[in-house]
Novice: 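Following this message is one structure expressed as structure tokens.
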Amino acid sequence: MPLRLYNTMSAKVEEFRPLQDNEVRMYSCGPTVYDYGHIGNFRTFVAVDILRRFLRQSGYEVRHVENITDVDDKIIRNSAREGVSVKQYTAKYEKAFLEDSATLNIEQPVLVRATDHIQEMANFIAELEKKGFAYRAEDGSYYFRIAKFPAYGKLSKKDFAGMEDGARVDVDEYEKDNARDFALWKAPKPGEASWDSPIGRGRPGWHIECSVMSMLELGESFDLHAGGEDLIFPHHENEIAQSEALTGKPFAHFWFHARFLLVEGEKMSKSAGNFFTIRDLVLKGHKPSSIRLLLASVPYRNQLNFTFDGLKQAASNVDKLRNFQLRLTTSQFSPGSSPEMQQLANESAARMKAALEDDLNTAQAQAAIFEMVRKANVAIDAGQIKHDDARSLLDALEKFDEIFAVLKDDDTLKMQSILQWAKEQGRESDISADLKEIVGAQTISDDEVQKKIGEIEAARAARDFKRSDAIRAELNAAGIMVEITKDGVRWRRK
RNA sequence: GGCGCGGUACCCAAGUGGUAAGGGAGAGGUCUGCAAAACCUUUAUACGUCGGUUCGAUUCCGACCCGCGCCUCCA
């Protein structure tokens with residue numbers, strides 16, 4: 001079965017087929033680097049990450065390009081306020097974005113920056129003007145002439161036919177022919193960052209960068225374009241207008257949009273006090289893996305209610321999966337395999353694949369893996385799992401993790417660096433006791449823990465439970481959970 | 001106002017024209033020196049409300065209530 005994806009353009013779920021052979025060329029709208037990214041931003045980025053990971057798992061070569069918007073009104077305003085250059089200002093937040101993405105195990109796409117492509121944008125606009133799709137205003141700004149592009153509105157399903165020219169023209173925009181015409185190029189204002197170009201001095205409008213950079217990297221027509229649902233209009237609509245006006249060819253074939261999330265049942269906003277960056281959550285003691293799983297577990301087109309209770313639930317889910325993995329890798333199994341367990345592993349992997357092929361139904365994919373975990377645990381308890389079965393089940397689990405990416409326990413390491421960052425930022429008061437406790441575990445090395453485990457085993461062999469428990473308590477205080485099983489003593493970081 | 005999405009148990013959350021996945025939490029239990037992990041049992045007489053279509057609807061249609069999104073730069 002091929003992947004079926006919802007295409008905003010057709011407003012239907014369609015079979016996804018790349019334009020060229022086995023290669024998927026996709027472009028996603030990345031961040032405007034004017035502040036730290038919040039969980040809403042990262043819901044979209046995680047959704048795109050899951051898409052690209054699943055495409056790859058499905059056997060496609062994925063060429064994924066993402067833009068970083070490093071010049072816009074907010075950036076110009078904020079950098080001026082701080083008295084630093086646009087470049088200095090954006091560098092800080094771009095770095096933060098990359099770190100946060102890595103924190104959430106988001107694979108890095110090919111990144112392209114707006115300010116690296118100013119000349120190409122100017123050329124693009126000059127071409128549009130030649131073809132009559134763009135015009136220059138008196139102040140040197142350029143606008144796109146929507147009246148020349150009848151298909152305008154096809155993505156957002158808006159009908160502009162009845163729009164009266166200049167009906168409600170903003171006083172600041174008196175130079176436009178039509179109020180709906182959007183800026184391609186903005187004439188410089190005193191004190192604002194601007195660039196020299198063949199079409200004069202100024203800076204690019206917001207939409208032009210994506211048209212230019214996507215075509216530069218992926219060609220005039222490519223497979224898929226992604227972003228948050230808010231970008232459908234005007235951003236993506238405008239990209240289509242510019243791009244297709246220039247080339248006369250279809251721009252992106254699939255339009256993928258992730259839905260906004262709610263926080264504690266309400267729209268996230270700074271004024272509501274429910275606005276969180278990734279770093280805010282980590283400082284409160286939440287693990288990156290919990291955050292990622294929560295963001296990933298609700299299908300991307302559904303409204304996700306992000307709650308602290310949900311975060312705890314996600315943490316339990318991650319633990320369950322990691323415990324299962326630990327159990328399979330540390331227990332002793334007799335050689336051979338059993339048909340029942342082979343079938344369980346195969347069926348679970350197949351169910352997971354089918355769920356993801358169904359417009360990336362991550363909730364069902366998760367259900368499939370949890371069902372496998374429960375059934376396999378039952379079999380382990382009953383001693384019905386053989387060596388090769390364990391291998392097959394682990395393979396299925398790894399297939400799951402190729403998409404969800406939550407098994408590897410490097411949470412404490414990531415949290416430690418965010419704690420360090422908070423100290424540098426003078427945000428000590430935001431560092432929770434929970435975070436300190438979790439990060440504390442990292443100060444004990446695996447070797448040291450292993451040594452202590454040896455001591456516990458020795459004490460237990462001598463049935464000296466008092467001594468054994470004392471060492472366990474000591475490790476526990478350092479964030480190490482010791483577990484006694486019939487196959488020996490094992491441990492994990494809390 | 002226009003266009004669109006959703007309302008499922010204590011919580012999160014799938015899903016289907018034929019009577020409700022999965023996870024968390026709670027309660028009880030099995031196992032265990034203890035703990036943890038794991039497992040078992042249990043928690044929706046009907047899936048926002050009211051009508052309609054149908055042999056039958058949570059699933060289709062209509063109305064209403066509530067939440068959310070877009071309608072020029074917010075992922």
Side-chain angles (χ1 to χ4, degrees), chain A residues 8 11 28-32 37-48 69 72-74 153 156-160 170 173 179-183 186 205-207 226-235 237-238 257-262 265-269 293-294 297-324 326-327 351 355 358 361-382 460 463 465-466 468-469 472-473 476 481-486 489-492 494:
Chain A
T8 308
S28 55
C29 286
T32 300
H38 54 72
I39 50 178
N41 297 315
F42 282 99
R43 198 242 168 144
T44 297
F45 299 140
V46 166
V48 172
T69 300
D72 89 320
D73 291 347
K74 274 191 292 289
S156 54
K157 314 287 179 283
K158 293 184 191 300
D159 183 7
F160 295 100
D170 191 302
E173 298 174 334
R180 290 278 170 182
D181 287 354
F182 57 89
K186 297 184 178 185
W206 175 35
H207 319 293
E229 63 167 337
D230 59 316
L231 299 181
I232 296 170
F233 190 89
H235 186 52
E237 195 72 70
N238 291 351
H257 293 102
R259 189 135 192 227
F260 272 21
L261 51 66
L262 297 181
E266 284 178 46
K267 185 181 175 176
M268 180 173 67
S269 72
L293 191 65
L294 178 55
S297 45
V298 177
Y300 75 98
R301 283 207 296 138
N302 292 3
Q303 197 167 53
L304 154 71
N305 187 11
F306 192 101
T307 65
F308 285 97
D309 192 43
L311 221 34
K312 273 190 226 146
Q313 295 178 14
S316 302
N317 286 331
V318 172
D319 284 344
K320 198 179 181 82
L321 296 172
R322 287 180 183 171
N323 284 336
F324 179 66
L326 189 67
R327 195 177 188 196
R351 270 182 67 194
D358 182 13
N361 192 332
T362 47
Q364 288 212 318
Q366 233 190 133
I369 211 72
F370 277 114
E371 221 170 293
M372 181 188 88
V373 170
R374 182 170 44 77
K375 286 178 178 166
N377 269 322
V378 171
I380 298 174
D381 285 348
R460 282 179 51 76
R463 294 197 69 78
F465 295 120
K466 232 179 167 162
S468 156
D469 288 352
R472 282 165 69 181
N476 188 56
M481 184 72 223
V482 176
E483 298 181 346
I484 313 296
T485 76
K486 66 177 166 47
V489 180
R490 71 184 189 198
W491 63 277
R492 60 191 158 90
K494 282 192 284 189

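Proteins get letters first, then strands, A, B, ... in listed order; numbering begins at 1 in each. Every heavy atom of this structure was used, including side-chain atoms; hydrogens, water molecules and symmetry mates were not.
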Novice: Would you say the base of B/G33 and the side-chain of A/R460 have a donor-acceptor pair closer than 3.5 Å?
Specialist: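 Yes, a donor-acceptor pair under 3.5 Å.
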Novice: Under 4.0 Å between a side-chain N/O of A/K486 and OP1 or OP2 of B/A37, yes or no?
Specialist: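 For A/K486, the contact criterion (side-chain N or O under 4.0 Å from OP1 or OP2 of B/A37) is not met.
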Novice: Between A/S297 and A/R327, name the one whose nearest nucleotide on RNA chain B is closer to the 5' end.
Specialist: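 Mapping each residue to its closest nucleotide by heavy atoms, the 5'-most match is A/S297.
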Novice: What about A/Q313, does its side chain sit under 3.5 Å from the base of B/C11 through a donor-acceptor pair?
Specialist: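 Yes.
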Novice: For the side chain of A/Q364, starting at C-beta, report the closest nucleotide among B/C74, B/C39, B/G15.
Specialist: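 Nearest to the side-chain atoms of A/Q364, counting from C-beta on, is B/G15.
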Novice: Ignoring backbone atoms, establish whether A/K158 has a side-chain N or O less than 4.0 Å from OP1 or OP2 of B/U72.
Specialist: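 A/K158 to B/U72 OP1/OP2: no side-chain N or O under 4.0 Å.
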Novice: Stepwise, does the side-chain contact (heavy atoms from CB on, under 4.5 Å) test hold for A/V482 with A/N476?
Specialist: CA-CA 7 Å; A/V482 176; A/N476 188 56; over 6 Å; no
Novice: Just checking A/L262: base, sugar-phosphate only, or nothing, at a heavy-atom cut-off of under 4.0 Å?
Specialist: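 Sugar-phosphate contact only.
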Novice: Considering only side-chain heavy atoms of A/A363, which listed nucleotide, B/A35, B/A21, B/C39, is closest?
Specialist: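 Of the candidates, B/A21 comes closest.
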Novice: Considering only B/A21, B/A36, B/C70, which nucleotide approaches the side chain of A/E371 most closely?
Specialist: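 For the A/E371 side chain, the nearest candidate turns out to be B/A21.
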Novice: How would you list, by chain and number, every residue that makes a side chain to side chain contact (heavy atoms under 4.5 Å, CB included) with A/L326, sequence neighbours excluded?
Specialist: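 Applying side chain to side chain contact (heavy atoms under 4.5 Å, CB included) to A/L326 gives A/T330, A/R490, A/R492.
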Novice: Assuming nearest nucleotide by heavy-atom distance, tell me which of A/F324 and A/D469 is located more 5' along RNA chain B.
Specialist: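 It is A/D469, whose closest nucleotide lies nearer the 5' terminus.
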Novice: Any N or O donor-acceptor pair linking the side chain of A/R301 to the base of B/C5 at under 3.5 Å?
Specialist: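 Check fails, no donor-acceptor contact within cut-off.
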Novice: OP1 or OP2 of B/A38 sitting under 4.0 Å from any side-chain N/O of A/N377?
Specialist: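 No, no such contact exists.
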Novice: So for A/D309 and B/G24, does any side-chain atom that can act as donor or acceptor lie under 3.5 Å from a complementary atom in the base?
Specialist: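 Under the 3.5 Å cut-off, the side chain and the base do not form any donor-acceptor pair.
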Novice: Please check the phosphate of B/C5 (OP1 and OP2 only) for any side-chain N or O of A/K157 closer than 4.0 Å.
Specialist: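 No, outside the criterion.
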Novice: Counting distance alone, no hydrogens or angles: does the base of B/A35 have a donor or acceptor under 3.5 Å from a partner atom on the side chain of A/R472?
Specialist: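 Answer is yes: a donor-acceptor pair is held.
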Novice: Would you say A/N305 places a side-chain N or O within less than 4.0 Å of OP1 or OP2 belonging to B/A13?
Specialist: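 No, outside the criterion.
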Novice: Considering only B/A75, B/A37, B/U72, which nucleotide approaches the side chain of A/P234 most closely?
Specialist: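 Looking only at side-chain atoms, A/P234 lies closest to B/U72.
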Novice: Classify the side chain of A/K267 and the base of B/C74 as holding, or not holding, a donor-acceptor pair under 3.5 Å.
Specialist: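 When only heavy-atom distances are counted, A/K267 does not reach the base of B/C74 through any donor-acceptor pair under 3.5 Å.
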